[in-house]
Amino acid sequence: MSNINNARAASASGLDKVVAAETALSHVDGEAGRLIIAGYDIEALVATHDFEAAAALLWATAGLDPVPDAESVRRQLGEARVAAFSLVPVLLAATRGLTVTEGLRAGLSLLADDDASGMPDHIRAVGAVPVFVAALCRREAGEAAVAPVADAGHAADFLRMLRGMPGSAAEVEALNAYLVTVMDHGMNASTFTARVIASTRAGLISSVVGALCALKGPLHGGAPGPVLDMLDDIGTRANIRPWLAREIEKGERLMGFGHRVYKVRDPRADVFNKAVMLLTNGNERIRFARDVEAVALATLKEMKPDQRLDTNMEYYTAVLLEALDIPRSAVTAVFALSRIAGWSAHVMEQERVGRLIRPQSSYIGNWPDERAA
Ligand code: ACO
């Protein structure tokens with residue numbers, strides 16, 4: 001195959017630039033480094049909304065009736081966290097030996113599509129995640145699960161269930177900034193997965209379980225753990241450049257760099273960088289991460305001159321969640337804690353479209369008459 005055909009095949013196999021849906025939920029401008037969520041630039045949304053308010057905004061934008069507001073969402077999610085806690089013994093018994101993300105996948109599968117509780121599916125799903133993730137993390141640390149508090153904020157209650165004691169106001173603010181920032185991001189792989197499943201009318205819970213499976217991979221939401229492993233492995237400033245160059249020479253990808261849509265710096269990286277600076281006052285770990293980032297960008301430019309590779313949000317997600325003492329094994333599940341609100345909004349939007357997503361493939365196998373020859 002010629003190089004041009006190779007490039008075409010690679011692009012088609014990744015559906016680059018293919019428009020798969022219309023959405024009012026978010027827009028990613030990869031050339032300008034701009035992310036708009038429900039009419040807000042991401043920086044403005046983070047400055048004015050906590051998790052519940054941003055989720056209410058997304059669900060209202062998706063056409064949810066009655067139109068939700070931050071307070072009704074706060075109350076409903078508190079009730080949903082309490083309801084989910086009754087499933088924790090079953091969850092822990094069923095997930096021995098699984099990672100936190102795999103455990104969360106099993107936990108969401110315990111929920112019925114369209115159950116008889118009267119609690120909306122998106123509320124049950126979003127409310128269950130912090131409860132399950134905290135219990136799974138505490139099991140890893142040999143600790144008993146901590147019950148939710150219905151009238152606490154979603155972010156604050158997660159930190160409290162995770163640690164067994166409340167986080168500081170600055171930590172809750174930083175976690176809210178993270179959760180709002182990653183809530184939705186155009187037609188990324190996990191959101192597309194959710195919409196495909198929703199288009200079959202399988203239901204919201206089934207759609208978000210599938211989305212979580214797509215999020216788990218290191219090319220999507222699984223990168224922050226490996227980013228921290230990379231920082232640890234590099235270890236010293238003298239080792240930064242040789243370590244990175246060796247990895248690229250071996251054909252490995254540097255975790256936290258490159259993006260299908262952003263060809264400039266991911267604007268979410270700057271939001272996290274700001275939050276982590278406030279939280280840590282720019283400690284040695286952050287200074288080291290910044291030094292690694294600078295050398296990585298220079299090395300990628302030199303060794304991959306034909307690619308436009310910049311820092312993606314997973315790089316600073318890693319250092320921000322580490323500064324919040326979130327266990328490394330839980331970073332992808334904490335991403336899901338937020339993104340599930342976005343997936344739910346996309347499911348609502350897709351269900352209103354009501355049409356099955358069913359693309360075509362191009363057959364490159366043998367025809368029956370050729371097979372015999
Ligand atoms: N390090 C080194 N090389 C890279 C990187 C990287 N991080 N990212 C892409 N490249 C190279 C590829 O090796 C390839 O080069 P080649 O043609 O010489 O082999 C070229 O750039 C194009 O790569 P594609 O895979 O076609 O680009 P794609 O648009 O599919 O990549 C992706 C996007 C998957 C995010 C990629 O940049 C990557 O693997 N990054 C590392 C993992 C990561 O950070 N994931 C989190 C993404 S953010 C999120 O999902 C929330």
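Note that the numbering runs from 1 along the sequence shown for the chain. For ligands, and for the atoms within them, numbers begin at 1 and follow the listed sequence.
- For Arg260, heavy-atom contacts with ligand 1 shorter than 4.0 Å involve the backbone as well as the side chain.
- Taking a cut-off of under 4.0 Å to the non-hydrogen atoms of Met255, the atoms of ligand 1 that pass are 42 (C), 44 (O).
- Compare Arg253, His220, Glu252 by their heavy atoms: the one nearest to atom 32 (C) of ligand 1 is in Arg253.
- Looking at Asp306 against ligand 1, nothing comes within 4.0 Å, counting heavy atoms.
- Below 4.0 Å from some heavy atom of His259 lie the following atoms of ligand 1, by number and element: 33 (C), 37 (O), 48 (S).
- The part of Asn312 lying near ligand 1 is the side chain, judged by heavy-atom distances below 4.0 Å.
- For the side-chain contact (heavy atoms from CB on, under 4.5 Å) criterion with Ile205, the lone passing option out of Leu110, Asp114, Asp113 is Asp113.
- For atom 41 (C) of ligand 1, the nearest non-hydrogen atom of the protein is Phe257 O, 3.4 Å.
- Only the side chain of Leu309 comes within 4.0 Å of ligand 1, counting heavy atoms alone; its backbone N, CA, C and O stay farther away.
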For the pair Asp50 and His154, evaluate side chain to side chain donor-acceptor pair (under 3.5 Å) and give the outcome as yes or no after the intermediate values.
CA-CA 9 Å; Asp50 65 3; His154 207 60; over 6 Å; no
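- Looking at His185 against ligand 1, nothing comes within 4.0 Å, counting heavy atoms.
- For atom 3 (N) of ligand 1, the nearest protein heavy atom lies closer than 4.0 Å.
- Atom 28 (P) of ligand 1 is flagged as protein-proximal [any protein heavy atom, distance under 4.0 Å].
- Contact atoms of ligand 1 toward Gly258: 35 (C), 37 (O) (distance under 4.0 Å to a heavy atom of the residue).
- Residue-environment remark: NZ (Lys250) exceeds the threshold of 12 foreign heavy atoms within 6.0 Å.
- At a heavy-atom cutoff of 4.0 Å, ligand 1 is contacted by no atom of Ala189, backbone or side chain.
- Between the choices Gln307, Arg308, Arg268, the shortest heavy-atom distance to atom 20 (C) of ligand 1 belongs to Gln307.
- For the ligand labelled ligand 1, residue Asn188 lies outside the 4.0 Å heavy-atom shell.
- Atom-to-atom distance recorded for Arg265:CZ and Thr311:OG1 is 4.5 Å, nearest 0.5 angstrom.
- If you check which protein heavy atom lies closest to atom 18 (O) of ligand 1, you get Lys304 NZ, 3.1 Å.
- Atom CZ of Arg34 sits in a sparse spot, with 12 or fewer heavy atoms from other residues, nucleotides or ligands closer than 6.0 Å.
- How far CD of Glu71 is from CD of Gln76: 11.5 Å, rounded to the nearest 0.5 Å.
- Ligand 1 has at least one atom lying under 4.0 Å from a heavy atom of Gly256.
- Interface atoms of ligand 1 facing Met313, defined by a heavy-atom separation under 4.0 Å, are 51 (C).
- Using a 30° and 60° split on the angle between ring planes, His259 and His185 fall in the perpendicular class, above 60°.
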